[in-house]
Amino acid sequence: MDMSAYPLLEGIDEPAHLRELPQGQLPRLTEQLRDFLLESVARSGGHLAAGLGAVELTVALHYVLNTPYDRLVWDVGHQCYPHKILTGRRREISRVRKIDGPAGFPVRDESPYDTFGVGHSSTAISAALGMALASRNRGDQRKTCAVIGDGGLTAGEAFEALNHAGDVRPDLLVVLNDNEMSISENVGALNKTFARLLAGGVYGNFRAEAKNVLEHMPTPMREFAKLAEEHVKGMLVPGTFFEELGFQYFGPVDGHDVDELVTVLGRLREMDGPRILHCVTRKGKGYAKAEANPIAYHGVKAFDPAAGLKASAEPAPPTYTEVFSHWLCDMAEQEPRLWGITPAMREGSGLVEFARRFPDRYLDTAIAEQHAVTLAGGLACEGEKPVLAIYSTFLQRGYDQLIHDIALQNLPVIFALDRAGLVGADGATHHGAFDFSYMRCLPNLTIMAPADERECRQMLSTGLAMEGPASVRYPRGKGPGAVPDQSLDTLPVGRAEIRREGRDVALLAFGTMVAPAEAVAAEIDATVVNMRFVKPLDEACIREIAGRHERIITLEENVIAGGAGAGVAEALAAMRLERELLHIGLPDSFVHHGERDEQLELVGLDTAGIRDRIVAWLGREVVSPVSSQ
């Protein structure tokens, strides 16, 4: 990328270079950083709006803190691109989230400035608290700062950390980056309370007027006025929320005034104990299109900044998420007890249309997966039909509730697990690699994996008709192209489907692996079974297949350990049927970011990789039944 338009930024390869600049040059640097970020992400795709809104804050933090000695911990990580640019990854940022580029989130192995790996929200305060306590134990002078968005404060872990920090009183600064957004708009009483009490209104007007007056007062009077302000604040902001938790609260401040941020952060750096700085920012700042529509510009593909994002002119086959969205609305028309629930992922999980058409039965719990699961259980107790649309990776955060509040009580909750398997550019923090394993061990739970879009719709209807909990897991993006019909038909529970008859070898495929299994089977003349159900397994089908095949191969887009293939092995062992078994699935390692096709090839779950693995195991050359005739 031509750096002639970014002369200040070009000279910064690490924050130490930034700290050499006179403070008066920082506003110009922030302009260059914002423009560079927009140009880079427009070329590569990635998270945009959150980073645009955090430019001044990022510059100020690295200018004041002695990073990486001082610990800077980012929450979620969507806003970390400016941080990465300033910490030695400017040249690589145009390859962000590519298989050979930097991750889209902070990763400890990538840089010493990425102090804690993130991807899921609301972890920063907990991690920073641990770092601050370790620093205190060693007796060093290291400062620790956590940056969290107000969306992150809707999750319970953030409050657990605040509560604990107020008790143990470490040297910890928490910066609240308040842009009034997470990915979708923030929801909930807490968000409304923060907006009302901490920004604008009587208290905000009081601070603005007081600042104008105090600027002309001698220093002793300003210090006295500061003490008086704390008492007035206690009257104007009921409960003084953060101070009741043991934090000194400062703000709100303009998160886009880099000079003010540097001044305030400089003063806070000299203080001790738990303190919180409330910065008001605008998501998408500096790029009018992103400011106007921060949801659309949260994560983008490559685009022309001058033209902005454009809708595709060509009609495309529906994605699995769209299949779910259509089914949910169609079923809601027929079933008045159906509810749609999401933990702050309305757009990503496909609930936009449902929320519009059925607002009284739509629930966004904010970033609160534990609550979302148990909420669904409460609805089910009263005879309602809750459908929780949640990414596979985010259900991990509600695992105790899945066990204790749903499975144990055998409550009829439907889990629509989006982003199952490998998800592409978001990488290891977002892969749905474990749900077969962590759900298969639970009593009462039915687990389904559709081979195509049509089966996805049928399985969702099947789950809703059941008397106990059920999950339907499907991948990101499009499937093989089996267009769903408009019926709400169900499937026989626990019944597999033989898709191809072959000889000697049987491929037992689950979900997304059915299509590549069929392609490989045509070359090696193998039987293909679309297993459909991970639990209950079709044991009659497995027994019948084992009676005709000495070699059985299981295929799944889940880790092999404890997955669907392990269930097949357990079933064969219980039947005392010894067969040669090969399990093909995700490896016992985390898969990093890149395009989904690249990831599948990397782990050997593309068609070529599956064929090579099977041929090597069989110990013979592939002879296509067609070519041998």
Side-chain angles (χ1 to χ4, degrees), residues 120 122 155-157 159-160 335 337-345 349 361 363-420 432-449 459-474 490-494 510-511 531-539 556 558-559 561-564 566-568 570-571 574:
H120 295 184
S122 313
E157 183 177 357
F159 286 97
E160 293 168 9
E335 175 52 84
R337 296 175 297 166
L338 184 145
W339 293 70
I341 306 172
T342 175
M345 293 300 293
S349 292
R361 288 186 273 158
L363 297 171
D364 186 338
T365 66
I367 305 173
E369 293 86 359
Q370 294 172 299
H371 164 58
V373 175
T374 305
L375 169 70
L379 285 165
C381 283
E382 298 301 316
E384 301 297 282
K385 296 284 188 177
V387 179
L388 175 55
I390 187 169
Y391 290 10
S392 168
T393 185
F394 295 150
L395 183 57
Q396 294 163 187
R397 310 191 86 182
Y399 190 57
D400 177 67
Q401 289 68 34
L402 174 63
I403 298 173
H404 184 271
D405 299 340
I406 305 300
L408 176 63
Q409 303 182 82
N410 199 28
L411 294 176
V413 174
I414 309 303
F415 295 89
L417 294 193
D418 204 334
R419 270 51 168 194
F434 310 107
D435 53 86
F436 281 172
S437 302
Y438 71 66
M439 299 184 86
R440 194 175 69 81
C441 60
L442 302 183
N444 295 330
L445 194 61
T446 297
I447 306 170
M448 293 172 271
M459 287 180 177
L460 289 164
S461 296
T462 302
L464 196 73
M466 297 182 65
E467 297 298 321
S471 76
V472 180
R473 63 107 74 170
Y474 43 90
T490 62
L491 293 172
V493 176
F510 294 84
M531 293 299 295
R532 286 181 170 166
F533 290 83
V534 176
K535 186 175 185 178
L537 284 169
D538 189 341
E539 294 188 356
E556 61 190 300
N558 187 86
V559 292
V568 172
E570 292 164 8

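The chain is numbered in sequence order, starting from 1. Below, each value reflects all heavy atoms present in this structure, side chains not excepted, and no hydrogens, waters or symmetry copies.
- Counting only N and O atoms by type, the side chains of T374 and D405 include a donor and acceptor under 3.5 Å apart.
- Between the CD1 atom in I390 and the OG atom in S471 there is a gap of 11.5 Å [rounded to 0.5 Å].
- Using a 4.5 Å heavy-atom threshold, the side chains of R397 and H120 count as touching.
- Taken to the nearest 0.5 Å, the CZ atom of F415 stands 12.0 Å off from the OG1 atom of T446.
- Put simply, the residue from V413, L388, I341, L411 that forms a side chain to side chain contact (heavy atoms under 4.5 Å, CB included) with L379 is I341.
- Looking at K385, its side chain does come within 3.5 Å of a backbone N or O of L464 through a donor-acceptor pair.
- Distance alone, capped at 3.5 Å, places no donor-acceptor pair between the D418 side chain and the Y391 backbone.
- Closest approach of A376 to P386, counting heavy atoms only: O-CG, 3.2 Å.
- Between R440 and E570 there is a salt bridge, with a side-chain nitrogen of the basic residue lying less than 4.0 Å from a carboxylate oxygen of the acidic one.
- Side-chain atoms of E556 come within 3.5 Å of backbone N or O of A564 as a donor-acceptor pair.
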Q: List the steps and the verdict of side chain to side chain contact (heavy atoms under 4.5 Å, CB included) for I406 and V373.
A: CA-CA 8 Å; I406 305 300; V373 175; 3.6 Å; yes
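- Taking the side chain as every heavy atom from C-beta outward, T342 and T365 never approach each other to under 4.5 Å.
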| task | Please assess R473 against F436 for the test side chain to side chain contact (heavy atoms under 4.5 Å, CB included), listing each intermediate value before the final yes or no. | result | CA-CA 9 Å; R473 63 107 74 170; F436 281 172; 3.4 Å; yes
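- Closest approach of L442 to K535, counting heavy atoms only: O-NZ, 2.6 Å.
- Nearest approach of Y399 to C441, heavy atoms of both residues: OH-SG, 3.5 Å.
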Applying side chain to side chain contact (heavy atoms under 4.5 Å, CB included) to I414 and M466, what does each step give before you reach the verdict? CA-CA 9 Å; I414 309 303; M466 297 182 65; 5.9 Å; no
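- Note that the CD atom of Q409 and the CD1 atom of I403 stand 13.0 Å from one another [nearest 0.5 Å].
- Between the CG atom of L491 and the CZ atom of R532 there is a distance of 5.0 Å, given to the nearest 0.5 Å.
- Remark: the S437 side chain and the N558 side chain contain an N/O donor-acceptor pair separated by less than 3.5 Å.
- Put simply, the side chain of Q396 gets close to the backbone of T393: a donor and an acceptor are under 3.5 Å apart.
- Side chain of D364 to backbone of A344: a donor-acceptor contact under 3.5 angstrom is found.
- To the nearest 0.5 Å, the span separating CD1 on I447 from OH on Y438 amounts to 10.0 Å.
- Counting only heavy atoms from C-beta outward, the side chains of P343 and E369 approach each other to under 4.5 Å.
- Contact annotation: the side chain of W339 approaches that of L363 to within less than 4.5 Å [non-hydrogen atoms, C-beta and beyond].
- Of all heavy-atom pairs between L445 and P469, the closest is CD1-CB, 3.5 Å.
- Salt-bridge annotation for E384 and R361: absent, with no side-chain N of the basic residue lying under 4.0 Å from a carboxylate O of the acidic one.
- A donor atom on one side chain and an acceptor atom on the other are found under 3.5 Å apart for D435 and S392.
- The shortest heavy-atom contact between P443 and A407 is O-CB, 3.6 Å.
- We find the OH-CE distance between Y474 and M459 to be 13.0 Å, quoted to the nearest 0.5 Å.
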